[in-house]
Asker: 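Can you keep this structure in mind? I'll have questions shortly.
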Protein chains: 2
Amino acid sequence: MTVTAESPKRKFIHCALRLFAERGYFGVSLADVAGELGLTKQSIIYHFKTKDALYGAVIADIAQRLEATIDDVFAQAPDARAQLEAYLRKLGQHMLDHPRDARLITRELLDNLDRAQADNTWYMRRFLDQSVAIVAAHPNWTSKTPAVQAAITYQLIGAVCYFSISDPTLNAIWGRARVSEMTEVFVPSLLDLVEGEKREHLPSK
Amino acid sequence: MTVTAESPKRKFIHCALRLFAERGYFGVSLADVAGELGLTKQSIIYHFKTKDALYGAVIADIAQRLEATIDDVFAQAPDARAQLEAYLRKLGQHMLDHPRDARLITRELLDNLDRAQADNTWYMRRFLDQSVAIVAAHPNWTSKTPAVQAAITYQLIGAVCYFSISDPTLNAIWGRARVSEMTEVFVPSLLDLVEGEKREHLPSK
DNA sequence: CAATAAACTTACCGGTCGGTAAGTTGATAC
DNA sequence: GTATCAACTTACCGACCGGTAAGTTTATTG
């Protein structure tokens, strides 16, 4: 059993992703991150120079993994309709498997209110453009304006992220049993909304 | 012209809502809030005892205003279908008019990961239950399980909040013109998704 | 005019923050 | 065997944090 030799930088990114997702930028100190790995905050400063730079590396890491998922969709699905279905399934699966990504993306959206204008390198841009391209190719929306296509795309991504981050709260409100039911029907119900079907295969009372 | 005499407590709540929405709980200090009103942080301590209590008052304030919106829907719309339409229009309008509410609700969702279990008084509970009741009454979902109804409700609220908080970022990515187009078609497109129509009245190229 | 109470203020405290500076350690290279 | 370098450490700094304690100001009331 060999220890997977993760580079020190990647170890910090991995750990920081988790903490930033849970508590946000201001809710996490460098000492918190380093402490989780049994190190001191100065080891982070050594690798990343500043806290901002560490945060940037975390965002870039998520963006890269999301782009990889999309490339996968383009490679596998035969036509536009199948591509959108594959996209939604993969995105949904990704965000349910990695709720931290959904949490951090949503936080990034919230915290970038001021930064959005100043910072012209927006790490998620490529991912978003590719997502819109998939929606735009679908028969439902090929004839629509780019604005409509972008709005639909955003609704879909938003629904997926929002559902993922709501999980703990939903559990507290309605209990684990009901939320686990909700999770099962979530992606199918989203697909039905997209295809305009009448949701007949969803469970009835 | 009389100055509307807002109580000191309400002035703090109003100001804190804006700052918490913009920068989050840990991103805002008591001195920040008081400074905006030309006062010192101790004046906040005097009124609210702790920072946590101030934050709680802000959340309670939002919850109360949302419940008022819902009561309105129940009072006005004649049947279940019209109620859901009125609900979505009002919710969408509310979140577009008051993006801070959408931002803070989403932040609350994110930050309550740990608190959700411990804190059994969850201010948004009544609002959420009423929202689910409206969705459950709609012909599309009356026959579905409570879990499905809750999932649909959450997707709808999520889409609205997510779109509202995305506004600054979307502007930075695609420009004001396209985003303003998106905003116009947003609620109608959501209604079309709900009613299962084919989006014929949405603008085409 | 004295008493009271709301709505503040200044002064201060222990603790934590991000970041600088100057070592220390252990492995590799020549 | 010593020079080099990555990957750390300890020690420290000024700024800021939430919160306590003890006044001060202002308006109202008997």
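Chain letters run A, B, ... following the sequence lines, proteins first, then strands; residues in each count from 1.
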Asker: Evaluate the side-chain proximity of B:Ile105 to B:Leu66: yes if any heavy-atom separation is below 4.5 Å, no if none is.
Answerer: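 Sidechains of B:Ile105 and B:Leu66: in contact.
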Asker: Report the distance from atom CZ of A:Arg10 to atom C1' of D:dA7, rounded to the nearest whole Å.
Answerer: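 Going from A:Arg10 (CZ) to D:dA7 (C1'), I get 18 Å.
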Asker: Below 30° counts as parallel, above 60° as perpendicular, anything between as tilted: where do the rings of A:Phe12 and A:His47 land?
Answerer: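 The rings of A:Phe12 and A:His47 sit tilted, inter-plane angle from 30° to 60°.
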Asker: Rounded to whole Å, how long is the line connecting atom CD1 of B:Ile44 with atom P of D:dG18?
Answerer: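 Distance check: B:Ile44 CD1 to D:dG18 P gives 9 Å.
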Asker: What is the distance, rounded to the nearest whole Å, between atom CG of A:Leu39 and atom P of D:dA6?
Answerer: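 Whole-Å distance recorded here is 18 Å.
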Asker: List the steps, then state whether side-chain contact (heavy atoms from CB on, under 4.5 Å) holds for A:Tyr123 with A:Ile62.
Answerer: CA-CA 9 Å; A:Tyr123 297 102; A:Ile62 293 179; over 6 Å; no
Asker: Would you call the rings of A:Phe163 and A:Phe186 parallel, tilted or perpendicular, where under 30° means parallel and over 60° means perpendicular?
Answerer: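 Answer is parallel, since the angle falls under 30°.
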Asker: Looking at the side chain of B:Lys41, which of C:dC17, C:dA7, D:dG19 is the nearest nucleotide?
Answerer: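 The closest nucleotide is D:dG19.
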Asker: Can you tell me the distance, in whole Å, between the OH atom of B:Tyr55 and the C1' atom of D:dG18?
Answerer: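 About 17 Å, once rounded to whole Å.
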Asker: Of the nucleotides C:dA6, C:dG18, D:dC17, which one has an atom closest to the side chain of B:Tyr46?
Answerer: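 Selected nucleotide: C:dA6.
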Asker: Among the nucleotides D:dA7, D:dT10, D:dG18, which one has an atom lying closest to any side-chain atom of A:Pro8?
Answerer: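 Among the listed nucleotides, the one closest to the side chain of A:Pro8 is D:dA7.
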Asker: Want to settle it: does A:Val28 or B:Thr40 sit nearer the 5' end of DNA chain C, counting the closest nucleotide to each?
Answerer: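 Going by which nucleotide is closer to the 5' end, it is B:Thr40.
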Asker: Tell me which nucleotide among C:dC8, C:dG19, D:dG19 gets nearest to the side chain of B:His47.
Answerer: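 Nucleotide nearest to B:His47's side chain: C:dC8.
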Asker: Would you kindly give the CG-to-C1' distance between A:Leu30 and D:dA15, to the nearest whole Å?
Answerer: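 Taking atom C1' of D:dA15 as the reference, CG of A:Leu30 is at 15 Å.
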Asker: How long is the line joining CD1 of A:Ile45 and P of C:dA22, in whole Å?
Answerer: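 Between P of C:dA22 and CD1 of A:Ile45: 16 Å.
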Asker: Just how far is it from atom OG1 of B:Thr183 to atom CD of B:Glu181, taken to the nearest 0.5 Å?
Answerer: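 So the OG1 of B:Thr183 and the CD of B:Glu181 are separated by 10.0 Å.
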Asker: Check every strand shown and say whether B:Ser29 touches a base, only sugar-phosphate, or nothing at a heavy-atom separation below 4.0 Å.
Answerer: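 Counting heavy atoms under 4.0 Å across all strands, the contact made by B:Ser29 is with sugar-phosphate only.
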Asker: Roughly, in whole Å, what's the span from NZ in A:Lys51 to P in D:dA15?
Answerer: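 A:Lys51 atom NZ is separated from D:dA15 atom P by 19 Å.
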Asker: When the distance from CG of B:Asp52 to C1' of D:dC17 is rounded to whole Å, what number comes out?
Answerer: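 That distance rounds to 14 Å.
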Asker: Among C:dC8, C:dA21, D:dC8, find the nucleotide with the atom closest to the side chain of A:Gln42.
Answerer: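 Of the candidates, C:dA21 comes closest.
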